[in-house]
Amino acid sequence: MTEAIVVGGGLAGIAAAVAVAQAGLQTLHVAPKGAPDRRTSALMLPSVAYLEAAGLIGDPADLGTALTQIRIIDATGRLIRSPETLFDSSEAGLPAFGWNFANVRLLAEFEAAKAKLGNIETVDSTVVDIERVADGWRLSLGNGDTCTAPFLVGSDGKKSFIRSAAGFRSRESGFTQAALVADLELARPLVGASVEFHYPQGPFTLVPAGGTRANLVWIDDREALRALQAEGSDALRAAVLSKSQHLFGDIRLLTPAHMFLLSTLSVPEAGHDGVVLAGEAAHAFPPIGAQGLNLGLRDVADLAAALKETNRSEADWARKASERYSQRRAADLVRTGGVVDTLFRSLLSDLLPAQAARAGGLWALKLLPPLRKQAFGLGMGSR
Ligand SMILES: Cc1cc2nc3c(=O)[nH]c(=O)nc-3n(C[C@H](O)[C@H](O)[C@H](O)COP(=O)(O)OP(=O)(O)OC[C@H]3O[C@@H](n4cnc5c(N)ncnc54)[C@H](O)[C@@H]3O)c2cc1C
């Protein structure tokens, strides 16, 4: 008998399906095959440690690039500007802050880990309807099948069908900005340093991807990015050179650019009545400070812990597990979502008090080692 259904074939969905199966539940994973995920993920050391411990990846050095420095350059040209700030992982006594991985490589590793488990079945379809029934949740799939289980995990992304159909409240607000991503080759390598240029319309970030390669995450006005993309690769390359202030010499685009629309999304509770939300189904925000998937993996870690604490011989175990999960996630979701949202809005703000607060904050971080240590902990998701 199926004990849990996990919906969603993104990184959070596969990691959740593996965690649920590893907790011993007979699991059905509803994961429609989609286009390759062209994004990359900077994952902090605690997330990487979780992935290794869960058997989702092997040695991170075989898969990604170590992130040893974060350099922030204020390119706003505003009246009150921040100092250039360099964070080095050695200050925190760490070999690196984390690792940068291509999502397609992570997905392949996660799939390989899933294939080793005997108590999980995967179906390539979408959920089109759900219904509360006496023995749990009955799902209707796009391929005409139905399936029922007492425990349901919605990891079906920002537009989550499970979230709305299972009665979760949520709050979403969109931005006029989008994020443009592409793989680049730089004449001068980044050597482990992630470099963020803070422009008035959003940050322009180069993340090291091994050797002379870098991943671009450029947040800017959506229409301006669209117009630039339409002009073709030469115009895009010229804009990337200019935005990088020619610090890395010549730049070549290795892949076409892809655009992602940005919004923030939060839920007041991440679990009830035998259903839990994980990954972007529960939280989304702009990709600054590399927090999205890191938070999603903390969802998965708490899902594993909540299931471990649950006695499945009790009649109402699925409801209890979902409530336990919701309690475990509450503080982290509020804290991380709040910090990223405030940071993003302060980056875009034309208001002098916001500019002063951000510049003051960066000066304080630059000059006060104990504060830097606290910021390292917060950025890395320490609990
Ligand atoms: C430009 C950019 C850069 C980023 N960089 C970082 C970073 O450096 N570090 C970091 O931690 N985070 C980063 N993030 C965030 C991170 O990419 C996301 O948090 C993460 O990929 C979300 O994974 P997910 O599995 O929750 O959602 P998704 O990847 O959106 O997957 C959702 C899945 O659900 C499936 N689905 C949808 N509807 C249904 C349905 N009805 N039935 C069945 N399945 C369904 C979809 O097909 C898909 O497989 C970045 C995000 C962006 C946009």
Side-chain angles (χ1 to χ4, degrees), residues 5-17 28-44 46-48 51 64-65 67 70 97-104 106-107 110-111 122-130 139-143 147 152-166 175 177-182 194 196 202-203 205 207-209 215-220 225 257-263 265 277-300 336-337 340 379-381:
I5 303 172
V6 179
V7 183
L11 287 165
I14 311 180
L28 181 71
H29 186 202
V30 182
K33 284 204 174 70
D37 185 342
R38 297 288 173 208
R39 291 170 290 186
T40 52
S41 296
L43 295 182
M44 301 304 155
S47 301
V48 177
L51 294 181
T65 306
L67 299 170
I70 298 168
F97 289 116
W99 294 80
N100 183 35
F101 302 106
N103 285 9
V104 282
L106 279 182
L107 275 161
F110 288 15
E111 286 289 1
T122 303
V123 49
D124 172 8
S125 189
T126 49
V127 176
V128 293
D129 198 15
I130 74 171
L139 274 56
S140 305
L141 306 185
N143 64 6
C147 47
L152 177 60
V153 181
S155 38
D156 49 343
K158 199 152 69 166
K159 303 250 166 283
S160 174
F161 174 74
I162 301 297
R163 184 181 64 230
S164 48
F175 292 103
Q177 279 79 9
L180 194 81
V181 304
S194 176
E196 291 181 23
T205 305
V207 190
N215 300 128
L216 168 68
V217 183
W218 175 3
I219 297 178
D220 209 320
L225 288 177
H258 294 269
M259 209 162 88
F260 295 84
L261 301 183
L262 304 183
S263 61
L265 180 135
L277 302 175
E280 287 202 336
H283 46 76
F285 31 73
I288 60 163
Q291 293 294 324
L293 184 59
N294 283 284
L295 189 59
L297 292 173
R298 297 207 289 280
D299 296 341
V300 176
T336 308
V340 177
M380 292 179 70

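Counting convention: from 1, in listed order, for ligands and their atoms alike. What's counted below: heavy atoms across the whole structure, side chains too, no hydrogens, waters or symmetry copies.
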Requested in this report: Check each atom of ligand 1 against the heavy atoms of Leu11 and keep those under 4.0 Å away; list them by number with element.
Outcome: 25 (O)

Query raised in the report: Between Asn294 and ligand 1, does any nitrogen or oxygen pair lie at a separation below 3.5 Å?
Result: yes

Query raised in the report: Considering only the protein, which heavy-atom contact is closest to atom 4 (C) of ligand 1, and what is its distance?
Result: Pro287 CB, 3.6 Å

Report task. Decide whether an N or O pair under 3.5 Å exists between Leu43 and ligand 1. Result -> no

Report summary line: Among non-hydrogen protein atoms, atom 41 (N) of ligand 1 lies closest to Val127 O, 3.2 Å

Query raised in the report: Can you find an N or O of Val181 that's nearer than 3.5 Å to an N or O of ligand 1?
Result: no

Query - Over all atoms of both residues, closest heavy-atom pair of Ala12 and Ser155 - result: C-CB, 4.3 Å

Query raised in the report: Rounded to the nearest 0.5 Å, how far does CZ of Phe101 lie from CG of Leu51?
Result: 7.0 Å

Query raised in the report: For ligand 1, does Val128 get within less than 4.0 Å through its side chain, its backbone, both, or neither, judged by non-hydrogen atoms?
Result: neither

Requested in this report: Using a strict 4.0 Å cut-off to heavy atoms of Gly157, name the atoms of ligand 1 that fall inside it.
Outcome: 27 (O), 30 (O), 32 (C)

Query - Protein heavy atom at shortest distance from atom 36 (N) of ligand 1 - result: Asp156 CB, 3.7 Å

Requested in this report: For His29 and Ile14, run side-chain contact (heavy atoms from CB on, under 4.5 Å): C-alpha distance rounded to whole Å, both residues' side-chain angles, the deciding distance at 0.1 Å, then the answer.
Outcome: CA-CA 8 Å; His29 186 202; Ile14 311 180; 4.0 Å; yes

Report summary line: Exactly one candidate in Val181, Asp37, Leu180 meets side-chain contact (heavy atoms from CB on, under 4.5 Å) with His258; the answer is Val181

Query raised in the report: At what distance is the nearest protein heavy atom to atom 13 (C) of ligand 1, and which residue and atom is it?
Result: Leu293 N, 4.2 Å

Query raised in the report: Which pair of non-hydrogen atoms, one from Ala284 and one from Lys158, has the smallest distance, and what is that distance?
Result: CB-CD, 3.4 Å

Query - Approximate separation, where rounding is to 0.5 Å, of Leu295 CG and Glu280 CD - result: 10.0 Å

Query raised in the report: Does the side chain of Asn100 pick up a donor-acceptor pair with the side chain of Thr65 at under 3.5 Å?
Result: no

Query raised in the report: Which of the numbered atoms in ligand 1 are below 4.0 angstrom from a heavy atom of Gly279?
Result: 26 (O)

Query raised in the report: So between His29, Glu280, His283, Lys159, whose heavy atom ends up nearest atom 22 (C) of ligand 1?
Result: Glu280

Requested in this report: Could you tell me whether atom 17 (O) of ligand 1 has at least one protein heavy atom nearer than 4.0 Å?
Outcome: yes

Report task. Using distance alone, decide if ligand 1 has a nitrogen or oxygen within less than 3.5 Å of any nitrogen or oxygen in Ser41. Result -> no

Query - Contact (N/O only, under 3.5 Å) between Ala281 and ligand 1 - result: no

Report summary line: When distances are taken from atom 46 (C) of ligand 1, the protein heavy atom at minimum range is Pro32 CG, 4.5 Å

Query raised in the report: How far does CD1 of Ile5 sit from SG of Cys147, to the nearest 0.5 angstrom?
Result: 3.5 Å

Requested in this report: State, to 0.1 Å, how close Ala281 and Arg163 come at their nearest heavy-atom pair, and which atoms those are.
Outcome: O-NH1, 2.8 Å

**Report entry** Side chain, backbone, both or neither: the part of Ala12 lying under 4.0 Å from ligand 1 by heavy atom
**Finding:** both

Query - Protein heavy atom at shortest distance from atom 21 (O) of ligand 1 - result: Arg39 NH2, 3.5 Å

Requested in this report: List every atom of ligand 1 that sits less than 4.0 Å from any heavy atom of Gly292, numbering the atoms from 1 in the order shown and giving each element.
Outcome: 10 (C), 11 (O), 12 (N), 15 (C), 19 (O)

Query - Heavy-atom nearest option to atom 6 (C) of ligand 1, drawn from Leu261, Leu67, Thr40, Val6 - result: Thr40

Query raised in the report: When rounded to the nearest 0.5 angstrom, what distance separates CG in Asp156 from OG1 in Thr126?
Result: 10.5 Å

Report task. Taking all non-hydrogen atoms of both residues into account, name the closest pair between Ala178 and Leu225 and its distance. Result -> O-CD1, 3.5 Å

Report task. Look up atom CG in Leu141 and atom CD1 in Ile130, then write down how far apart they are to the nearest 0.5 Å. Result -> 11.5 Å

Query - For atom 8 (O) of ligand 1, closest protein heavy-atom neighbour - result: Ala42 N, 2.8 Å

Query raised in the report: Quick one: nearest non-hydrogen protein atom to atom 43 (C) of ligand 1, plus distance?
Result: Val7 CG1, 3.3 Å

Query raised in the report: When rounded to the nearest 0.5 angstrom, what distance separates CD1 in Ile219 from OG1 in Thr205?
Result: 6.5 Å

**Report entry** From the candidates Gly296, Pro286, Ala31, Gly10, the one that places a heavy atom nearest atom 31 (O) of ligand 1
**Finding:** Gly10

Report task. Taking all heavy atoms of Val6 and all of Ala16, pick out the closest pair and write down the distance. Result -> CG1-CB, 4.1 Å

Query - ligand 1-proximal atoms of Gln291, by part, heavy-atom distance under 4.0 Å - result: backbone

